[in-house]
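Handing you this structure, nothing more for now.
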Amino acid sequence: MTQTKTQMIKKLAVYLIGVYFTAFAIAISKMTPLGISPNSSLPNELSLILNVNLGFVTACVFASFVFIQWILLGKDFKLINFVQVLLAILYGYFVNSAVALVNRILPPCDTYPLQLIYTLVSALILGAAIKVYMTPKLMALPAEGLAKAVAQRFKLPFPTAKNICDITIVSISVILSLVYFGKLYGIREGTIIHAFLVGRAVKWSDKLFGRKLEQFVFK
């Protein structure tokens with residue numbers, strides 16, 4: 001049975017809202033010096049090194065993840081997955097607009113307790129947003145697409161592949177930071193908080209509103 005036009009509109013709306021709020025969460029964590037989520041640690045580090053806005057660098061890095069998927073999967077790579085390149089560009093725009101928005105509506109966090117609060121709020125919103133954008137079961141963001149490609153190529157469980165990708169991305173970011181700045185800059189306890197809390201926030205969000213959201217999208 002083909003899905004109705006209304007159902008497709010609902011899927012796209014929920015998907016884009018979820019994707020935007022992942023960018024919103026990243027923008028909140030960007031306001032602090034404590035570090036952001038593992039997925040965005042490499043774009044963030046490169047943006048600091050190159051002094052280029054985070055959205056542009058995020059789009060470039062996420063687009064490169066798509067081509068890495070292509071290399072990993074070879075003939076098993078589906079051409080439809082190149083749509084992720086367009087998604088990377090859209091996501092970069094979302095990041096820049098979210099950064100501008102939070103800088104306008106949120107007060108500066110110039111004390112450590114407030115920085116910690118911003119980091120925790122960011123991780124919780126990010127987990128909820130991931131749950132929202134994954135519910136319609138449309139295209140994965142390139143970072144998750146890369147983890148899926150690693151899982152498929154090396155026949156690993158997805159959570160294991162995701163951990164491997166996150167650790168690799170953070171490790172590259174740490175090396176770049178140490179080489180360029182001579183210290184950890186942009187990667188601190190906030191990155192660890194995100195790594196620990198986001199997955200749990202996805203599960204909490206599933207229990208809190210997952211069933212109602214699925215009923216809205218699919219019925």
Side-chain angles (χ1 to χ4, degrees), residues 11-12 14-27 29 36-46 54-55 57-74 76-95 98 122-173 191 193-206 210 213-214 217:
K11 280 186 175 184
L12 284 172
V14 170
Y15 177 80
L16 291 174
I17 289 170
V19 170
Y20 182 80
F21 272 94
T22 65
F24 187 78
I26 295 302
S29 64
I36 60 180
S37 70
N39 278 356
S40 296
S41 63
L42 181 56
N44 185 53
E45 200 63 43
L46 288 172
L54 180 59
V57 180
T58 298
C60 292
V61 171
F62 276 24
S64 73
F65 287 169
V66 182
F67 289 96
I68 294 173
Q69 293 174 45
W70 187 20
I71 293 170
L72 285 173
L73 296 179
D76 293 327
F77 182 83
K78 297 179 180 179
L79 291 179
I80 188 65
N81 286 328
F82 277 121
V83 173
Q84 291 178 71
V85 175
L86 298 178
L87 182 56
I89 295 170
L90 176 65
Y91 191 66
Y93 172 78
F94 280 176
V95 169
S122 168
L124 293 173
I125 292 176
L126 182 57
I130 289 172
K131 172 58 188 175
V132 170
Y133 105 77
M134 289 180 65
T135 295
K137 299 178 181 177
L138 298 178
M139 185 70 67
L141 285 171
E144 280 70 42
L146 177 60
K148 287 183 177 180
V150 170
Q152 182 178 341
R153 174 65 177 80
F154 298 104
K155 296 180 173 57
L156 297 171
F158 177 77
T160 301
K162 177 63 174 165
N163 287 337
I164 291 172
C165 289
D166 286 350
I167 291 170
T168 301
I169 290 169
V170 172
S171 298
I172 294 171
S173 304
T191 305
I193 289 171
H194 276 82
F196 176 80
L197 191 56
V198 169
R200 287 163 175 78
V202 173
K203 293 180 180 179
W204 295 336
S205 299
D206 184 40
L213 185 61
E214 289 173 4
V217 170

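Sequential numbering from 1 along the given sequence is applied to the chain's residues.
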CG-CD1 distance between Leu42 and Ile36, expressed to the nearest 0.5 angstrom: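 One gets 10.0 Å once the value is rounded to the nearest 0.5 Å.
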Working for side-chain contact (heavy atoms from CB on, under 4.5 Å), residues Leu146 and Leu72: CA-CA 9 Å; Leu146 177 60; Leu72 285 173; 4.1 Å; yes
Hey, what do you get for NE2 (His194) to CD1 (Ile26), rounding to the nearest 0.5 Å? 5.5 Å
Minimum heavy-atom separation for Met139 and Ile80, please, with both atom names. CE-O, 3.5 Å
Under the salt bridge (charged side-chain N to carboxylate O under 4.0 Å, His left out) criterion, do Glu214 and Lys131 qualify, and how do the steps go? CA-CA 11 Å; Glu214 289 173 4; Lys131 172 58 188 175; 3.7 Å; yes
Donor-acceptor contact present, side-chain Thr191 to main-chain Ser37, <3.5 Å: no
Report yes if some heavy atom in the side chain of Asn39 is under 4.5 Å from a heavy atom in the side chain of Thr22; otherwise report no. no
To check you understand the geometry: which heavy-atom pair defines the closest contact between Pro136 and Tyr15, and what is its length? CG-N, 3.8 Å
Between Tyr133 (side chain) and Leu141 (backbone), is there a donor-acceptor pair under 3.5 Å? yes
Is it true that, when you exclude Tyr93 itself, more than 12 heavy atoms of the residues, nucleotides or ligands shown sit nearer than 6.0 Å to its OH?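 Counting other residues, nucleotides and ligands, OH of Tyr93 stays at 12 neighbours or fewer.
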Give the C-alpha distance, both sets of side-chain angles, the deciding distance and a yes or no for side-chain contact (heavy atoms from CB on, under 4.5 Å) between Ile169 and Ser41. CA-CA 7 Å; Ile169 290 169; Ser41 63; 3.6 Å; yes
Shortest non-hydrogen contact from Ala161 to Ala147?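 The pair with the smallest heavy-atom distance is CB-O, 3.4 Å.
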side-chain contact (heavy atoms from CB on, under 4.5 Å) between Lys78 and Leu73, intermediate numbers included: CA-CA 9 Å; Lys78 297 179 180 179; Leu73 296 179; over 6 Å; no
With under 30° as parallel and over 60° as perpendicular, where do the rings of Phe82 and Phe67 fit, or are they tilted in between?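 Tilted: the ring planes of Phe82 and Phe67 meet at 30° to 60°.
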Calculate, to the nearest 0.5 Å, the distance between atoms OG1 and CD1 belonging to Thr135 and Ile17 respectively.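 Going from OG1 on Thr135 over to CD1 on Ile17, the span is 11.5 Å.
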From CD (Gln84) to CD (Gln69), nearest 0.5 Å: 4.0 Å
Could you go through the side-chain contact (heavy atoms from CB on, under 4.5 Å) check for Arg200 and Trp204 one step at a time? CA-CA 6 Å; Arg200 287 163 175 78; Trp204 295 336; 4.0 Å; yes
Measuring from Asn163:CG to Phe158:CZ, what's the distance to the nearest 0.5 Å? 9.5 Å
Under 6.0 Å between the ring centres of Phe94 and Tyr91?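 Centroid distance Phe94-Tyr91: not below 6.0 Å, so no.
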Can you tell me how far apart CZ (Arg153) and CZ (Phe77) are? Round to the nearest 0.5 Å. 15.0 Å
Closest approach of Ile125 and Ala25, non-hydrogen atoms and distance?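 Taking every non-hydrogen atom into account, CG2-CB, 3.9 Å.
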Do you know which two heavy atoms are closest between Ala88 and Ala63, and how far apart they sit?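 Scanning both residues completely, I find the closest heavy atoms to be CB-N, 3.7 Å.
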Any idea which heavy atoms bring Pro38 and Ala195 closest together, and the distance?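 In terms of heavy atoms, the two residues are closest at CG-CB, 3.9 Å.
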